Structures are given as structure tokens and as C-alpha cells.
Amino acid sequence: DHGSMSGPDGRFDVVVCTQVLEHLANPLIALQELSRILRKGGKLYLTTNFLFPIHGAPYDFFRYTNFGLEHLCHKSNFSISELQPRGGFYSFIAKIVFDFPAIIKSWLFYGGASPHGQRQIKIRNILIVLPLVPLVFLVDILCTLLAFLLARFDFMDKKKRFTLGYQLVATRD
């Protein structure tokens with residue numbers, strides 16, 4: 001038995017794994033299982049996060065560099081043919097700007113709970129919150145527009161060290 005996935009070895013030609021790896025407690029075991037179910041020469045299409053807020057709490061375990069992904073693929077019998085950052089510095093800043101209203105809403109409406117986890121409405125002070133609702137709505141719209149514009153400057157970031165994550169294509173050896 002090879003764990004939770006069933007089926008014979010080499011059953012699939014393609015596996016798509018997008019935004020999952022960071023939520024797995026044992027990513028190496030998962031990649032080895034994906035390798036097992038792929039036929040020799042089969043393709044793995046994978047995306048994962050690097051500089052990204054906690055989400056899916058409490059099942060958000062890891063962030064991956066290109067070096068970490070290369071290591072995991074090597075240990076799992078994959079040869080990487082493409083490994084690219086998903087955005088650069090300006091996309092990273094855009095994500096922070098985009099998430100800013102969620103942080104404000106979390107503080108006002110949920111007593112400071114994480115905007116990326118379980119929460120119950122817990123308004124701090126209704127007399128303060130009610131007048132701020134239109135302002136929060138306006139900030140949300142402005143941050144969305146600003147984030148959209150900021151991300152357009154990624155072409156200037158040649159190194160892409162501040163990336164939101166990576167995408168890769170790998171072939172099963």
C-alpha cells in the first residue's frame with residue numbers, strides 16, 4: 001500500500017497540483033506519491049507559495065524557494081523543465097496592498113482575528129465601527145485599484161527574489 005492514493009503505479013500521464021503543497025505536512029511523501037502514480041515521462045504541473053499570507057489555517061505549513069522545490073523534485077524522481085517565479089517585487093507589494101482592507105475589516109468586525117482563518121463577528125465598538133464602514137469600503141476599492149496598477153511594474157524586477165510563489169513543470173524520470 002502506498003498511502004492514501006489508490007491505483008496502480010504509472011496510471012496517469014499528467015498531474016496538476018496547484019496551491020496544495022504548502023498545506024501538506026509531508027510534502028516529500030506527497031511528491032513521491034505523485035511520482036509513483038505518473039507514468040515514466042509523465043508531466044507534473046505544480047504551483048506553490050513563497051511570500052504569501054497565512055491561509056487555510058491551521059493547515060498552512062510551508063513556503064517554498066526555487067531551491068526547495070528543486071530538492072523535493074530531485075528526491076521524488078522528477079526532472080524540472082521549467083521553474084519560474086509567479087510575479088516579482090511589485091506583485092508582492094500589490095498583494096500586501098490588496099490584503100490591507102481585509103486586515104482592517106478583521107480588526108473592526110472580528111476583534112483582530114486573522115482574515116485567513118476561522119472567525120466570529122466580534123465588533124470592537126459599534127459607535128466607532130458604523131461611521132467607518134463607508135471609509136473601509138472606499139479603502140477596499142482604492143487598494144484593489146492600486147494593487148492592480150502596482151503589479152504592472154513587475155517587468156522592472158529582473159531578479160524576482162520577492163515572488164509570491166513558483167510554478168514548475170517537471171517530468172517523471
Side-chain angles (χ1 to χ4, degrees), residues 1-103 105-107 110-122 147 150-151 154 157-173:
D1 185 354
H2 290 284
S4 63
M5 288 192 159
S6 61
D9 294 357
R11 180 176 182 184
F12 297 100
D13 295 324
V14 173
V15 170
V16 177
C17 180
T18 179
Q19 305 308 107
V20 173
L21 206 58
E22 67 270 16
H23 300 286
L24 302 177
N26 295 301
L28 179 59
I29 292 171
L31 277 175
Q32 289 170 338
E33 179 65 7
L34 294 178
S35 177
R36 182 191 72 79
I37 65 169
L38 268 172
R39 70 167 171 76
K40 186 175 172 118
K43 297 285 186 184
L44 168 66
Y45 295 89
L46 183 139
T47 64
T48 192
N49 291 326
F50 178 51
L51 299 175
F52 204 82
I54 293 173
H55 60 285
Y59 303 103
D60 189 357
F61 300 116
F62 300 103
R63 295 296 182 266
Y64 296 91
T65 64
N66 53 323
F67 307 109
L69 291 169
E70 288 169 352
H71 173 77
L72 289 171
C73 284
H74 175 74
K75 291 287 188 184
S76 304
N77 297 317
F78 284 109
S79 295
I80 297 174
S81 56
E82 178 185 321
L83 177 55
Q84 296 180 347
R86 293 184 307 108
F89 177 76
Y90 295 96
S91 287
F92 170 61
I93 296 301
K95 177 65 177 156
I96 293 169
V97 169
F98 183 79
D99 280 357
F100 181 65
I103 294 166
K105 287 183 257 183
S106 179
W107 185 81
Y110 302 103
S114 166
H116 303 288
Q118 284 188 330
R119 53 190 173 185
Q120 295 177 339
I121 292 179
K122 184 179 171 185
L150 279 168
D154 260 353
D157 180 9
K158 303 299 182 203
K159 292 185 179 181
K160 304 264 191 296
R161 292 179 306 144
F162 293 91
T163 182
L164 294 172
Y166 291 93
Q167 62 188 35
L168 72 79
V169 178
T171 304
R172 164 111 165 25
D173 298 332

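Remember, it's a predicted structure, so these values are computed and weren't measured experimentally.
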Main-chain N/O of [Y] paired to [X] side chain as donor or acceptor, under 3.5 Å:
X	Y	value
Asn77	Asp173	no
Asp157	Phe89	yes
Arg11	Ile37	no
Ser76	Phe78	no
Asp154	Gly87	no
Thr163	Arg86	yes

More than 12 non-hydrogen atoms from neighbouring residues, nucleotides or ligands closer than 6.0 Å to CZ on Arg161, yes or no?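 No, not enclosed.
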Atom [atom1] of [X] and atom [atom2] of [Y]: how far apart are they, to the nearest 0.5 Å?
X	Y	atom1	atom2	value
Asn49	Glu22	CG	CD	4.0 Å
Phe12	Arg36	CZ	CZ	9.5 Å
Asp9	Glu33	CG	CD	8.5 Å
Gln167	Leu83	CD	CG	9.0 Å
Leu168	Glu82	CG	CD	8.5 Å
Phe92	Lys160	CZ	NZ	14.5 Å

Indicate the atoms forming the closest heavy-atom contact of [X] with [Y], along with that distance.
X	Y	value
Arg172	Ser35	NE-O, 2.6 Å
Ala94	Ala151	CB-N, 4.0 Å
Val20	Cys17	CB-SG, 3.8 Å

Which residue is it: Thr171, Ile80, Leu34, Val169? I am looking for the one with a side-chain contact (heavy atoms from CB on, under 4.5 Å) to Leu44.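 The residue from Thr171, Ile80, Leu34, Val169 that satisfies side-chain contact (heavy atoms from CB on, under 4.5 Å) with Leu44 turns out to be Leu34.
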Below 30° counts as parallel, above 60° as perpendicular, anything between as tilted: where do the rings of [X] and [Y] land?
X	Y	value
Phe52	His55	perpendicular
Phe61	Tyr59	perpendicular
Tyr166	Phe50	tilted

Before accepting this row, confirm whether a basic side-chain N of the pair Lys43/Asp13 lies closer than 4.0 Å to the acidic partner's carboxylate O.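 Here Lys43 does not pair with Asp13 in a salt bridge, since their nearest N and O are not under 4.0 Å apart.
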Applying side chain to side chain contact (heavy atoms under 4.5 Å, CB included), run through Leu24 and Ile29 and close with a yes or a no. CA-CA 9 Å; Leu24 302 177; Ile29 292 171; over 6 Å; no
Are a donor atom and an acceptor atom from the side chains of Gln19 and Thr47 found within less than 3.5 Å of each other?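 Indeed, the side chains of Gln19 and Thr47 share at least one donor-acceptor pair under 3.5 Å.
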Is there side-chain contact between Leu69 and Leu46, with heavy atoms separated by less than 4.5 Å?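 Yes, at least one pair of side-chain atoms sits under 4.5 Å.
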In sequence, state the C-alpha distance, the side-chain angles, and the governing distance for Leu21 and Leu72, and then conclude on side chain to side chain contact (heavy atoms under 4.5 Å, CB included). CA-CA 11 Å; Leu21 206 58; Leu72 289 171; 4.3 Å; yes
